[in-house]
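To keep things clear, I will list the structure first and then write my remarks on it.
In what follows, chains carry the letters A, B, and so on, assigned in the order in which the sequence lines appear, proteins first and then strands, with residues in each chain numbered from 1.
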Protein chains: 2
Amino acid sequence: MKELKDFEEKTIEREEIFDGFVIKVARDTVELPNNLGTAKRELVFHPGGVTVIPITPEGKIVLVKQFRKPLEKVILEIPAGKIEPDEYDDLENAAKRELEEETGYKANTFEKLTEVYLSVGFCDELLRFYVATDLEKVENPRPKDEDEILELYELTYEEAKQAEREGLICDSKTVMALMYWEIWRLQGKMS
Amino acid sequence: MKELKDFEEKTIEREEIFDGFVIKVARDTVELPNNLGTAKRELVFHPGGVTVIPITPEGKIVLVKQFRKPLEKVILEIPAGKIEPDEYDDLENAAKRELEEETGYKANTFEKLTEVYLSVGFCDELLRFYVATDLEKVENPRPKDEDEILELYELTYEEAKQAEREGLICDSKTVMALMYWEIWRLQGKMS
């Protein structure tokens, strides 16, 4: 059985490449363990995010349609957003804010499910998942970001699975949301 | 109902920031639809990857323990790797190569499950999932990359869920693998 020292890659030099509004990019030269020499590691640092699986009283999932520049296409996603600097001490509230801003809903039942690192090979982005049920419309919802152009959809499980087959649902957090929903259906916890 | 033109963000200027061994980084100035003005988009381009959920004849999942520099820690993951330039026309073979290099196993049954974009807000990385069953050890497996330090584990479903609770399993692809496994168990397809 190996110990931490058999794995650990110590940074011997860091080249700061980019300090953006969302991400920071660096390239580290690391010393490999057990005298294996050095290697380069390309790293993206991200503030992390929150995401919400919103299920209406009618048993539909609330999705937002939006353009994603990295893919150059419009896709359907569960509501999500990156964490602002002043939100780290109340992430549930950050998730509630995203839900309200993007969908106009608030949830009477709000529960943390899990948190996952999205792409550990090069990036430290951590995404926290919440499930929001017993939804109701907010009278005057907080406005969304100025440069966010969204369209709302409410889909049954079968409609959402069809959207996934058609490639409209194709990102990890929304595919995970449908997998959670499938597990809850198989467990008899949700229709 | 909005049309594509109501969403599309056209690049009016691209600033190339970094051209690395794995990722490329750019910052685009985009024209927002409907005369909303311009915005900046920070973009990471990634070659994409393949990943394999390997299940042994004893009903255990094969995981690799490795150090992940972006997290500065050792975690347990399903085997995965980025796609090499000459592999795009046979991605199943790329997945079989990763499985053999990282675990020393080959699979007599190999099936594509899905593909997902890991983090669509800033990155185009697409990860293809395969499930490999009816595994057997290769006599002289292909060697792994020189700078990959791995340790192999074979865990039952309960052991893997425990590793997830302890935070040793914490990345999206491996959490998705355990969700698939849970669905197959609930459907009675796997123990």
Side-chain angles (χ1 to χ4, degrees), chain A residues 1-2 4 6-9 17-18 20-23 25 27-28 30 32-34 36 39-46 49 65-71 74-75 77 80 82 114-125 127 146-147 149 151 170-172 175-176 179-180 182-183 186-187, chain B residues 1-2 4 6-9 17-18 20-23 25 27-28 30 32-34 36 39-46 49 65-71 74-75 77 80 82 114-125 127 146-147 149 151 170-172 175-176 179-180 182-183 186-187:
Chain A
M1 186 104 114
K2 292 189 174 77
L4 179 60
D6 301 312
F7 289 103
E8 198 169 11
E9 301 178 348
I17 288 164
F18 178 62
F21 181 66
V22 181
I23 58 171
V25 181
R27 179 165 49 188
D28 279 17
V30 299
L32 299 173
N34 303 324
L36 283 166
K40 299 281 188 184
R41 297 287 180 246
E42 296 168 11
L43 305 170
V44 172
F45 301 106
H46 186 286
K65 195 180 207 178
Q66 61 189 311
F67 184 79
R68 288 304 197 170
K69 189 66 190 170
L71 316 185
V74 173
I75 66 172
E77 298 168 57
K82 69 173 193 297
T114 190
E115 54 186 45
V116 299
Y117 292 100
L118 291 181
S119 188
V120 291
F122 72 98
C123 184
D124 70 345
E125 182 183 7
L127 185 63
E146 277 177 22
D147 64 351
I149 295 128
E151 191 172 48
C170 59
D171 85 303
S172 60
V175 169
M176 276 182 64
M179 293 178 82
Y180 269 116
E182 181 167 5
I183 289 167
L186 287 165
Q187 290 173 334
Chain B
M1 183 106 114
K2 292 190 174 79
L4 179 59
D6 300 312
F7 288 103
E8 197 168 11
E9 301 178 348
I17 288 163
F18 178 62
F21 180 68
V22 180
I23 58 171
V25 181
R27 179 163 51 188
D28 280 17
V30 300
L32 297 173
N34 304 323
L36 283 167
K40 299 280 188 184
R41 297 287 179 247
E42 296 167 9
L43 305 169
V44 173
F45 301 107
H46 187 286
K65 194 180 209 178
Q66 61 190 309
F67 184 79
R68 289 304 198 172
K69 188 66 190 170
L71 315 186
V74 173
I75 64 173
E77 298 169 58
K82 70 173 193 298
T114 191
E115 53 186 46
V116 299
Y117 292 100
L118 291 182
S119 188
V120 291
F122 73 97
C123 185
D124 71 345
E125 182 183 6
L127 185 63
E146 276 176 21
D147 62 353
I149 295 130
E151 191 172 49
C170 58
D171 85 306
S172 60
V175 169
M176 278 183 63
M179 294 178 82
Y180 269 116
E182 181 166 5
I183 289 168
L186 287 164
Q187 290 173 334

- Item | Partner residues of E8(A) under the side-chain contact (heavy atoms from CB on, under 4.5 Å) criterion, sequence neighbours left out |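 For E8(A) the side-chain contact (heavy atoms from CB on, under 4.5 Å) partners, ignoring immediate neighbours, are L4(A), K10(A), F67(B).
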Tell me, out of [options], who's got the most heavy-atom pairs with chain A below 4.5 Å.
{"options": "V116(B), V74(B), V120(B)", "value": "V120(B)"}
{"options": "G49(B), G121(B), P33(B)", "value": "G121(B)"}
{"options": "R41(B), E125(B), E42(B), K2(B)", "value": "E42(B)"}
{"options": "I17(B), N34(B), L32(B)", "value": "I17(B)"}
{"options": "Y180(B), F21(B), F18(B)", "value": "F18(B)"}
{"options": "G20(B), A80(B), A39(B)", "value": "G20(B)"}

- Applying salt bridge (Lys or Arg N to Asp or Glu O under 4.0 Å), name anything that partners K65(B), two or more places apart in sequence or on another chain. none
Measuring heavy-atom distances to chain A, does [X] have an atom under 4.5 Å in its side chain, in its backbone, in both, or in neither?
{"X": "E182(B)", "result": "side chain"}
{"X": "L118(B)", "result": "both"}
{"X": "V22(B)", "result": "both"}
{"X": "E9(B)", "result": "both"}
{"X": "I75(B)", "result": "side chain"}
{"X": "Q66(B)", "result": "backbone"}
{"X": "V25(B)", "result": "side chain"}
{"X": "L36(B)", "result": "side chain"}

- Message: How close do P70(B) and F45(A) get, counting heavy atoms only, and between which atoms?
- Response: O-CE2, 4.5 Å
Looking at [atom1] of [X] and [atom2] of [Y], how far apart are the two atoms once the value is rounded to the nearest 0.5 Å?
{"X": "L71(B)", "Y": "C170(B)", "atom1": "CG", "atom2": "SG", "answer": "6.0 Å"}
{"X": "T114(A)", "Y": "M179(B)", "atom1": "OG1", "atom2": "CE", "answer": "8.5 Å"}
{"X": "L43(A)", "Y": "I23(A)", "atom1": "CG", "atom2": "CD1", "answer": "12.0 Å"}
{"X": "D124(A)", "Y": "K69(B)", "atom1": "CG", "atom2": "NZ", "answer": "12.0 Å"}

Could you check whether any side-chain heavy atom of [X] comes within less than 4.5 Å of a side-chain heavy atom of [Y], counting everything from C-beta outward?
{"X": "R68(A)", "Y": "Y117(B)", "answer": "no"}
{"X": "D28(A)", "Y": "K40(A)", "answer": "no"}
{"X": "L186(B)", "Y": "I183(A)", "answer": "yes"}

- With only heavy atoms counted, which part of V44(A) is less than 4.5 Å from chain B, the side chain, the backbone, both or neither?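 Side chain of V44(A) only, per the 4.5 Å heavy-atom cut-off to chain B.
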- Would you mind checking which part of E151(A) comes under 4.5 Å of any heavy atom in chain B, side chain (CB onward), backbone (N, CA, C, O), both or neither?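 Its backbone and side chain both get close to chain B.
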- Task: Heavy-atom pairs under 4.5 Å with chain B are the metric here; pick the option from I149(A), D6(A), V30(A) that has the most.
- Result: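 Answer, by heavy-atom pair count under 4.5 Å with chain B: I149(A).
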